[in-house]
Enquirer: 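Sharing a structure with you now.
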Amino acid sequence: MNKLIITIDGPSGSGKTTLGRAISQKLDVTFFSSGSIYRVITKHFLDTNSLGFENFEIISLEPLEIRIDQHTYIEKDLYTKELNTKSSELAQQIEIRETVDNILKFVESSAENGLVVEGRDMGSVVFPDATLKIYLDADENIRSTRRIEQSNNQETTEDIVERDRRDITRKNSPLVVPKDAITLKNNTSTVDELVDEVIKNLELQ
Ligand code: DC
């Protein structure tokens, strides 16, 4: 039997991380946010002024801790306003995307029980043979309110609109609805309702 892989793609603030974690707990599989790798590589670049590195090691998944060469990065330092913007800018480069894709494939090969992975191109590019592909969306005003709250009012609606525009219009692996994905709207549903919907669809596969 093929390993269970569930991909969740969607714009910022659609609730991918919350839903992904809830599905992974329900199914007892690994959860991973691909954006965290774009963020950590960007942080390393800002700290060292270098995009290259010799060693990349995931020390812990929850909470995320990563070592790049002799630098150690922890999850809570990756979610700043600066990294929101800069990671989206660097993610346009094909070389960076190839590096991240290889790291994600390694994460998948280590996730013995299965994987729920979220991002912008998980179902469309990185895991085209996933068991179930989800495109999670929500109205712009709802997504924007969520992101502003999550960033303690640091991120503005304009920042979010610009980041989404960049992620959707870039040449390499833009955010799209993967062709065989189910689309879920996360406006008023509870997390439990969304998880139930996902499990229902999983049983149909
Ligand atoms: O999901 P996130 O906000 O942590 O992602 C940060 C940025 O990384 C996002 O604005 C674009 C980029 N990203 C990407 O290009 N592809 C992915 N699969 C995940 C994130």
Side-chain angles (χ1 to χ4, degrees), residues 5-21 23-24 30-46 51 58 61-66 73-108 115-128 130 133-138 140 142-152 154-178 181 186:
I5 303 176
I6 298 177
T7 61
I8 309 176
D9 291 299
S12 57
S14 54
K16 302 182 295 295
T17 303
T18 306
L19 177 61
R21 280 216 164 93
I23 299 169
S24 79
T30 300
F31 168 74
F32 201 78
S33 165
S34 59
S36 66
I37 304 294
Y38 287 97
R39 287 171 181 272
V40 79
I41 288 176
T42 306
K43 172 97 178 106
H44 186 69
F45 169 66
L46 294 175
L51 270 177
I58 298 176
L61 280 178
E62 295 272 1
L64 192 68
E65 186 175 345
I66 288 174
Y73 301 98
I74 56 172
E75 181 164 330
K76 74 170 177 46
D77 294 340
L78 301 178
Y79 289 83
T80 63
K81 177 175 156 69
E82 182 185 33
L83 287 175
N84 290 346
T85 305
K86 297 267 187 215
S87 61
S88 160
E89 286 170 5
L90 268 193
Q92 296 177 98
Q93 295 186 23
I94 187 83
E95 297 80 9
I96 305 278
R97 302 205 70 83
E98 282 169 2
T99 302
V100 175
D101 292 0
N102 286 331
I103 294 167
L104 291 169
K105 285 182 182 140
F106 174 76
V107 169
E108 185 268 321
L115 178 70
V116 179
V117 62
E118 63 88 3
R120 306 295 188 287
D121 62 339
M122 296 300 92
S124 54
V125 175
V126 186
F127 298 109
K133 299 178 188 178
I134 299 163
Y135 185 83
L136 190 63
D137 205 355
E140 191 171 290
I142 292 178
R143 295 193 293 105
S144 162
T145 306
R146 270 188 205 134
R147 290 306 309 209
I148 290 166
E149 272 171 22
Q150 283 163 3
S151 71
N152 283 330
Q154 282 188 50
E155 205 171 19
T156 64
T157 302
E158 291 71 39
D159 294 331
I160 295 155
V161 168
E162 174 56 17
R163 183 147 78 100
D164 283 344
R165 189 202 57 74
R166 199 182 302 113
D167 293 345
I168 288 167
T169 59
R170 69 175 173 229
K171 185 161 140 263
N172 301 311
S173 304
L175 170 65
V176 292
V177 182
N186 188 9

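Every number for a ligand or one of its atoms is a count from 1 in the order of the listing. Throughout, numbering of the chain's residues begins at 1 and tracks the sequence. All figures in this text were calculated on a predicted structure; none of them were measured in a lab.
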Enquirer: If you have a sec, work out which protein heavy atom is nearest atom 16 (N) of ligand 1 and how many Å separate them, to one decimal?
Expert: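 Residue, atom and distance for the closest contact: Arg97 NH2, 3.0 Å.
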Enquirer: So if I count the atoms of ligand 1 from 1 in the order they appear, which ones are less than 4.0 Å from some heavy atom of Gly119?
Expert: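 With Gly119 as reference, the close atoms of ligand 1 come out as 18 (N), 19 (C).
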Enquirer: Just distances here: any N/O of Arg120 and N/O of ligand 1 closer than 3.5 Å?
Expert: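 The answer is yes, given that Arg120 and ligand 1 share an N or O pair closer than 3.5 Å.
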Enquirer: What part of Arg166, side chain from CB on, backbone N/CA/C/O, both or neither, has a heavy atom under 4.0 Å from ligand 1?
Expert: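 Looking at Arg166 and ligand 1, no heavy atom falls under 4.0 Å.
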Enquirer: For ligand 1, which is the ligand I care about here, please tell me if Tyr79 has any N or O atom under 3.5 Å from one of the ligand's N or O atoms.
Expert: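 By distance alone, the answer is no.
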Enquirer: Looking only at the side chains, is there a donor atom on one of Arg163 and Ser88 sitting less than 3.5 Å from an acceptor on the other?
Expert: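 No, Ser88 and Arg163 have no side-chain donor paired with an acceptor closer than 3.5 Å.
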Enquirer: Does any N or O atom in Ser36 lie less than 3.5 angstrom from one in ligand 1, N or O only?
Expert: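 No - when backbone and side-chain N and O of Ser36 are compared with those of ligand 1, no distance drops under 3.5 Å.
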Enquirer: Would Asp121 and Arg97 pass as an ion pair if we require N to O under 4.0 Å?
Expert: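 Between Arg97 and Asp121 there is a salt bridge, with a charged N closer than 4.0 Å to a carboxylate O.
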Enquirer: Working to the nearest 0.5 Å, report the span between OG1 of Thr145 and CD of Gln150.
Expert: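 Taking OG1 in Thr145 and CD in Gln150, the distance rounds to 11.0 Å.
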Enquirer: Determine, for Lys43 against Asp77, whether the closest basic-nitrogen to carboxylate-oxygen distance falls under 4.0 angstrom.
Expert: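 Answer for the salt bridge query: no.
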Enquirer: Of the listed options (Ser173, Ser34, Ser87), which comes nearest to atom 7 (C) of ligand 1 when hydrogens are ignored and any heavy atom counts?
Expert: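 Minimum heavy-atom distance to atom 7 (C) of ligand 1 goes to Ser87.
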Enquirer: Output the distance between atom CG (Leu64) and atom CZ (Arg39), rounded to the nearest 0.5 Å.
Expert: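 Between Leu64 CG and Arg39 CZ, I get 11.5 Å after rounding to 0.5 Å.
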Enquirer: Where on Lys16 is there a heavy atom closer than 4.0 Å to ligand 1, on the side chain, on the backbone, on both, or on neither?
Expert: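 For Lys16, no heavy atom sits under 4.0 Å from ligand 1.
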Enquirer: Tell me: protein heavy atom nearest atom 4 (O) of ligand 1, and distance?
Expert: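 Minimum-distance protein heavy atom for atom 4 (O) of ligand 1 reads Arg39 NE, 2.7 Å.
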Enquirer: Is the closest side-chain heavy-atom distance between Met122 and Leu115 below 4.5 Å?
Expert: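 They are not in contact (no side-chain heavy atoms under 4.5 Å apart), so the answer is no.
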Enquirer: Would you compute the distance between atom OH of Tyr79 and atom OG of Ser87 and round it to the nearest 0.5 angstrom?
Expert: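 So the gap between those two atoms works out to 9.0 Å.
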Enquirer: Could you tell me whether ligand 1 has any atom less than 4.0 Å away from a heavy atom of Arg170?
Expert: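 Heavy atoms of Arg170 do come under 4.0 Å of ligand 1.
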Enquirer: Tell me which protein heavy atom sits closest to atom 5 (O) of ligand 1, plus the residue, atom name and distance to 0.1 Å.
Expert: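 Result for atom 5 (O) of ligand 1: Gly35 CA, 3.6 Å.
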Enquirer: State the OH-CD distance between Tyr38 and Gln93, to the nearest 0.5 angstrom.
Expert: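 Between atom OH of Tyr38 and atom CD of Gln93 there are 11.0 Å.
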Enquirer: Hey, what do you get for NE2 (His44) to CG (Leu90), rounding to the nearest 0.5 Å?
Expert: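 If we round to the nearest 0.5 Å, His44:NE2 and Leu90:CG are 12.0 Å apart.
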Enquirer: If you measure every N/O of Glu118 against every N/O of ligand 1, is any gap under 3.5 Å?
Expert: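 There is no such contact.
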Enquirer: Look up atom CZ in Arg166 and atom CG in Leu175, then write down how far apart they are to the nearest 0.5 Å.
Expert: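 It comes to 13.5 Å.
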Enquirer: Which of the atoms in ligand 1, numbered in the order shown and given with their element, are less than 4.0 Å from a heavy-atom of Met122?
Expert: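 Listed by number with element, the hits are 18 (N).
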Enquirer: Do any nitrogen or oxygen atoms of Asn84 lie less than 3.5 angstrom from nitrogen or oxygen atoms of ligand 1?
Expert: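 Asn84 vs ligand 1: no N/O contact under 3.5 Å.
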Enquirer: Got an N/O contact under 3.5 Å between Tyr38 and ligand 1?
Expert: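 Between Tyr38 and ligand 1 (N or O atoms, distance only) the closest approach is not under 3.5 Å.
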Enquirer: Taking 4.0 angstrom as the limit and counting only heavy atoms of Ala91, give me the atoms of ligand 1 inside it, by number and element.
Expert: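 Listed by number with element: 12 (C), 15 (O).
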Enquirer: Do Thr157 and Ser144 have side-chain atoms, one donor and one acceptor, less than 3.5 Å apart?
Expert: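 Judged by distance alone, the side chains do pair up.
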Enquirer: Salt bridge or not between Glu162 and Arg165? Use side-chain N to carboxylate O under 4.0 Å.
Expert: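 Looking at Arg165 together with Glu162, the answer is yes, because their closest N to O distance falls below 4.0 Å.
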Enquirer: Does any N or O of ligand 1 fall below 3.5 Å from an N or O anywhere on Asp167, backbone included?
Expert: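 Such a contact does occur with ligand 1.
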Enquirer: Side chain, backbone, both or neither: which part of Lys86 comes within less than 4.0 Å of ligand 1 when only heavy atoms are counted?
Expert: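 Neither part.
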Enquirer: Take every heavy atom of Ser12, measure it against each atom of ligand 1, and state whether any distance is under 4.0 Å.
Expert: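 No, Ser12 has no heavy atoms under 4.0 Å from ligand 1.
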